[in-house]
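Here the structure is laid out as structure tokens; the discussion comes afterwards.
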Amino acid sequence: MLAVRHRRRVAGLVVLLGCAAAACLASIAIGSKPIPVGAVWHGLVSPTGSEDDLIVRSLRVPRTELAVLAGAALGIAGSLSQGHTRNPLADPGLLGVSSGAALAVVTGIFAFGVTSTYDHVWLACLGAIVATVGVFLLSSAGRTGPTPLTLALAGAAAAALMQGLVSAMVVADQQSMEIYRFWRIGAVSGRDPTVIAQVLPFLLVGAALAMANTAGLNALSLGEDVARSIGGHVLRARLIGVAAITLLTGGAVAACGPIGFVGLVVPHLARFVTGPDHRWLVPYAGLIGAVLVVAADTVGRLLAWPGELQVGIVLAMIGVPVFIAIVRRTRLAQL
Amino acid sequence: MKRPRLRAESLHVGYGETPVIEGLDLEVLDDAVTAVIGPNGSGKSTLLRAMGRLLAPRRGQVLLDGKRIDRMPTREVATLLGVLPQTPRAPDGLTVAELVAHGRHPHQAWYRRWSTDDDESVAAALRMTGMTDLAGRVLDQLSGGQRQRAWISMALAQGTELLLLDEPTTYLDLAHQVEVLELVRRLRTDLGRTVVMVLHDLNLAARYADRMVVLGDGSVVAQGAPHEVLTEDLLREVFDLEARVISDPVAGTPLVVPVSPRTRAH
């Protein structure tokens, strides 16, 4: 059984890497102007400045990169969120990260007239961090410190409050509404390519913290008392986890807007193969998240060809029925 | 005489405003199985959690090898003392072997990953609890007794001389309770471990413990060998129970036969 599970984990990793490569290739080839695979290769390896090369290098590749990064970040952040809250319905937005980002962006537009998307990214990252720090402090206020329950409650309360403030501002101001509406739908297209460079440091540090958190999270998954008795540092693990979730979700949301669903579902898909060991679960969730978002973004271009559907919409439309089917056939894990 | 490795000195522990343990002194006898008994709400679990460094005392101290346990590094404590809380919960899909491997956590660090030492400890722990054949099974598919043995294996793999078990027999039927307690006894006789366990069942406690500690209202009311401690007077005073104490026909330990709950004066 153990050897079987290990073989399955390794084999799954190979399959996933294959899927990721295929999805990226499709994402570069497919669009309002289809590009043959040969030309994609040409554009990637030895571009000569042809029209296809230009589309590949300046549009499709950055867009695919962004989808990979956002998907991986949200998948990893989702698996950490569910692990830390021991709640199978937790998603990265649970700690108030997404609504914090939204609030900061809208406040920037509404109160300070910030209109450049470059600045919106910084605002979103800042908002995400401030919101999570607030939620974490709020959840630590009690005698027990941050527990799965206080984290979830503080996050939900803070998210509701911040959503309310966002609504108040976008209702009051037409310009905020226009920009917010665009930002609100998660999309990897039409984003400035510099966005990637802007959020990449957040995502890299977040991913490194996430991997550093996996052993501690495994201990925590046995309950805080057991975690302590086997020598785990509960508060330290929680801090690292929350920092990782903030950086990953904040970076992804800042770049693409809140893409729902990925962070919630991907950890469950990963868990089918890996079981509850976070050392496998977290990297798996990253890979599956990347494949899912790239694939959904590509499918969105096919569904509405020659126009396109935003990745957030595709994920909701196709992903939710698929997820329900999976849940009905198997059983979601209790954490 | 050598001081016992684990002891509490004028210990005060509480939750929020409510004090649970007030001024408790306790020395845990080395190389023995100690059962902590007492009525509901007498602070048994709280005492165990405080002794195991899961709860910080308000005043007083818990000493492990002469050092204040709350000032020792978590990892160091975890190599000396294992605590198994009441009805611990594992995530779905965790196998017995994976659970037991968690017991090696205090022996690992980023520079020192899984070793043959760890493998041997896990295998020995599984052998001791008779769980070797079930190592690959998923925890949530096991019976209650098997699951409890798996958790005890994890605590064993940790390799600590001292083990604190909070009601290790909760939710088990009698046969499985006996099975778990036989295992606890072997931990002392075969491995020389010191065990402190909270138990509800007085008769099983009397049978399997070398020493009993009776808690009442947050302090130690009586302690000693089961036949010294478990008397009709004590049951009346501490448990509010009218009962006969006879000799267990099998083991010769005290056996409590309730007569009726004492009628309280209003």
Side-chain angles (χ1 to χ4, degrees), chain A residues 1-6 8-9 79 82-88 142-145 148 208 211-237 240 267-268 270-281 330-335, chain B residues 14-17 45 48-49 52-56 72-99 101-110 113-114 134-141 151 154-155 157-158 160 163-166:
Chain A
M1 167 75 203
L2 281 184
V4 172
R5 181 178 271 179
H6 190 74
R8 253 174 65 184
R9 285 164 172 168
S79 60
Q82 293 182 1
H84 276 284
T85 56
R86 290 186 90 177
N87 177 353
R143 188 180 43 80
T144 53
M211 283 315 292
N213 198 215
T214 53
L217 199 48
N218 278 345
L220 276 176
S221 71
L222 304 175
E224 293 193 0
D225 278 356
V226 175
R228 273 200 194 90
S229 76
I230 58 176
H233 295 272
V234 172
L235 190 64
R236 186 193 298 172
I240 295 176
H268 290 286
R271 219 173 271 117
F272 286 134
V273 186
T274 63
D277 186 344
H278 286 89
R279 288 170 303 179
W280 287 90
L281 177 58
T330 56
R331 196 173 66 92
L332 282 193
Q334 294 293 309
L335 304 180
Chain B
Y15 298 100
E17 292 297 298
S45 292
L48 204 77
R49 285 166 54 83
R53 198 180 177 270
L54 298 180
L55 267 182
M72 293 168 72
T74 310
R75 194 174 285 266
E76 188 187 339
V77 173
T79 58
L80 300 170
L81 172 95
V83 194
L84 202 54
Q86 196 178 346
T87 56
R89 226 182 86 230
D92 274 1
L94 195 74
T95 62
V96 173
E98 284 176 319
L99 174 67
H102 278 301
R104 302 304 295 167
H105 189 269
H107 303 274
Q108 282 158 7
W110 58 270
R113 286 306 190 191
W114 196 258
L134 300 173
R137 293 274 293 277
V138 172
L139 217 60
D140 32 295
Q141 293 167 359
W151 280 100
M154 184 206 77
Q158 208 174 322
T160 59
L163 268 179
L164 310 184
L165 310 175
D166 193 356

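Labels below follow one simple rule: chain letters A, B, ... track the order of the sequence lines, proteins then strands, and each chain is numbered from 1.
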Does any backbone or side-chain atom of [X] lie under 4.5 Å from a heavy atom of chain A? Answer side chain, backbone, both or neither.
X	answer
B:Leu81	backbone
B:Val77	neither
B:Arg104	neither

Nearest non-hydrogen partners of B:Arg89 and A:Arg86, listed with the distance:
O-NH2, 3.0 Å
Do the non-hydrogen side-chain atoms of A:Leu222 and B:Leu94 ever get within less than 4.5 Å of each other?
yes
Side chains of B:Asp92 and A:Pro276: closer than 4.5 Å at any heavy-atom pair?
no
Which value, rounded to the nearest 0.5 Å, describes the distance between B:Leu54 atom CG and A:Arg228 atom CZ?
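If I round to the nearest 0.5 Å, the distance is 6.5 Å.
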Find the distance between OG1 (B:Thr95) and CG (A:Asp277) and round it off to the nearest 0.5 Å.
9.5 Å
Hey, does the side chain of B:Gln158 reach the backbone of A:Ser229 with a donor-acceptor pair shorter than 3.5 angstrom?
yes
May I ask you to name which of B:Gly103, B:Pro88, B:Ala78 has the most heavy-atom pairs under 4.5 Å with chain A?
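Of the candidates given, the most pairs with chain A belong to B:Ala78.
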Leading residue by heavy atom contact count with chain B [cutoff under 4.5 Å; candidates A:Ile230, A:Asn218, A:Val234]:
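The answer is A:Ile230.
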